[in-house]
Amino acid sequence: MEDLLDKLKLLSYEDEVLRKQNMKPLSRHYFALPTNPGEQFYMFCTLAAWLISKAGHHFDQPQEYDDPNATISNILSELRSFGYSVDFPPSRLKAGYGEQVCYVLDCFAEEVLKHIHFSWKRPTYPTEEQDEENVIEDDAELTLNKIEDEIAEEDSDNDQEHFIDLNALSAQTQKLNTKESSKPEEILESNTDAAEWILEVERVLPQLKVTIRTDNKDWRVHVDQMHQHRDGIDTSLKETKGYLDKLHNEVAKALEKVSSREKYINNQLEQLVQEYRSVQAQLSEAKERYQQASGGVTERTRILAEITEELEKVKQEMEEKGSSMTDGAPLVKIKQALTKLKHEIVQMDIRTGVVEHTLLQSTLKEKSNMTRDMHALNIPESSIGAY
């Protein structure tokens, strides 16, 4: 059934059959399991007629009130015309489900694929591109030792840049000591204007800022991002948890109301449901009896047609014999034939007499010749004895 469904999808049965007939799409086990025999049988006949038409043979679309036996016989005759064997009774197709139904539809679908010259090809799988972020993270994890080495080198460079000369430091301390010794006793006061000082600070402030460039390959950056995302998730969860709990309580109350209402409706309609089931069972029995009766009527109709044909043949033979009995032409022909035959017999007798007379004459002539020859032989013998 799954193979049949794939072939039907390849043939676009959803657009050409389901939308035109306003039918639901087939499931993977539609014709394998019994659900609704009447609906399944109608779907089977519709699909079979559509496949036969697409395979290049003319086949009328079956209607709802057509004779099922005649429809099945037409479908099986088309299946035999395609060269397939039918080794099961036609009544198996009347149920609308089963192995035989799947076999018939699969054969028709295979013929349609051959008719449109369809060929199966190897599947092509799309190439998956790896995410750049994952690559960056993997590179960061793999080159961790390298990054630590680079950081160590940068620290060593900074240490070399900020290396303090001991001699210069000692000289500077000596100067400070001398200044401290000579520092004034009064408090120093600044003569700089405060506004100018603020303007100078604002001008120099951008240059005093220390910017640290973040490296995406550094694992510390990823850890900080993970902590930030976790804090964002925690804050969002605290806000949404209350709404979710409220929604859960409302849904639970609604489900309880629906279940209680459903129980009440079931209790109220239980008697009607039982009556409906009994009526449905009676209807199915009546349909089964109707199908059996329609099958018997079809068989008897076929027998009646055969008997009528034989009766017509017998009537035609009787009419031919009656016309030959009343017609005198054959008798006249017989008399003429007898007269001709008698005349030929007389001629034959005459010829026979002539032949007998000729034979008798030849026989007598031969006897006379033999007698003369014998006398001729006897005379010389007597003369020789006298000498």
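Each residue takes its place number in the sequence, starting with 1. Any value given below was found using the heavy atoms of this structure, including those in side chains, with hydrogens, waters and symmetry copies removed.
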- Query: With no hydrogens and no angle check, is any side-chain donor or acceptor of Gln291 less than 3.5 Å from a backbone partner on Asn69?
  - Reply: no

- Does the Asp106 side chain pair with the main chain of Cys102, one donor and one acceptor, at a distance under 3.5 Å? no

- Message: How about CD on Glu309, more than 12 heavy atoms from neighbouring residues, nucleotides or ligands closer than 6.0 Å, or not?
- Response: no

- So with a 6.0 Å cut-off around CD of Glu275, is the heavy-atom count from everything else above 12? yes

[X] to [Y] - nearest heavy-atom pair and separation:
X      : Y     : answer
Arg28  : Met1  : O-CG, 2.9 Å
Ala55  : Phe82 : CB-CZ, 3.7 Å
Gln40  : Gly96 : CB-O, 3.3 Å
Asp60  : Ala49 : O-CB, 4.1 Å
Val104 : Leu79 : CG2-CD2, 4.0 Å
Thr71  : Cys45 : CG2-SG, 3.9 Å

Heavy-atom side-chain proximity of [X] to [Y] below 4.5 angstrom:
X      : Y      : answer
Tyr13  : Leu5   : yes
Leu76  : Ile72  : yes
Arg300 : Leu304 : no

Under a 4.5 Å side-chain heavy-atom rule over Ile, Leu, Val, Met, Phe, Trp and Tyr, are [X] and [Y] clustered together?
X      : Y      : result
Leu311 : Met318 : no
Leu10  : Phe108 : yes
Leu255 : Leu247 : yes

- Message: Evaluate Thr35 against Tyr97 for side chain to side chain contact (heavy atoms under 4.5 Å, CB included), listing each step before the verdict.
- Response: CA-CA 9 Å; Thr35 55; Tyr97 67 92; over 6 Å; no

Euclidean distance, [Y] [atom2] relative to [X] [atom1], rounded to 0.5 Å:
X      : Y      : atom1 : atom2 : result
Leu359 : His357 : CG    : NE2   : 11.0 Å
Glu78  : Ile52  : CD    : CD1   : 5.0 Å
Cys107 : Leu4   : SG    : CG    : 10.0 Å

- Message: Does Arg261 form a side chain to side chain contact (heavy atoms under 4.5 Å, CB included) with Val258? I'd like the steps, not just the answer.
- Response: CA-CA 5 Å; Arg261 190 65 180 173; Val258 170; 5.7 Å; no

- Message: Below 30° counts as parallel, above 60° as perpendicular, anything between as tilted: where do the rings of Tyr103 and Phe88 land?
- Response: perpendicular

- With a 4.0 Å cut-off, would you call Arg302 and Glu306 a salt bridge? yes

- Item | Lys/Arg N to Asp/Glu carboxylate O, Lys54 vs Glu16, below 4.0 Å | yes

- Query: Can Glu111 and His115 be counted as having a side-chain donor-acceptor contact under 3.5 angstrom?
  - Reply: no

Distance-only donor-acceptor pairs under 3.5 Å for side chains of residues 195-202, two or more places apart:
unit_1: Glu200; atom_1: OE1; unit_2: Arg203; atom_2: NE; d: 3.4
unit_1: Glu200; atom_1: OE1; unit_2: Arg203; atom_2: NH2; d: 3.3
unit_1: Glu200; atom_1: OE2; unit_2: Arg203; atom_2: NH2; d: 2.2

N/O donor to acceptor pairs below 3.5 angstrom from side-chain atoms of residues 226-233, sequence neighbours left out:
none

- Message: Determine whether Leu338 and Ile334 satisfy the following criterion, side chain to side chain contact (heavy atoms under 4.5 Å, CB included), listing intermediate values before the conclusion.
- Response: CA-CA 6 Å; Leu338 288 174; Ile334 291 171; 4.2 Å; yes

- Glu110: salt bridge (Lys or Arg N to Asp or Glu O under 4.0 Å) partners, not counting sequence neighbours: Lys7

- Query: Among Glu344, Arg351, His343, whose side-chain hydrogen bond (donor to acceptor under 3.5 Å, both in side chains) with Gln347 holds?
  - Reply: His343

- Query: Hey, mind stepping through Leu47 and Phe31 against side chain to side chain contact (heavy atoms under 4.5 Å, CB included) and telling me if it holds?
  - Reply: CA-CA 12 Å; Leu47 290 176; Phe31 289 117; 3.9 Å; yes

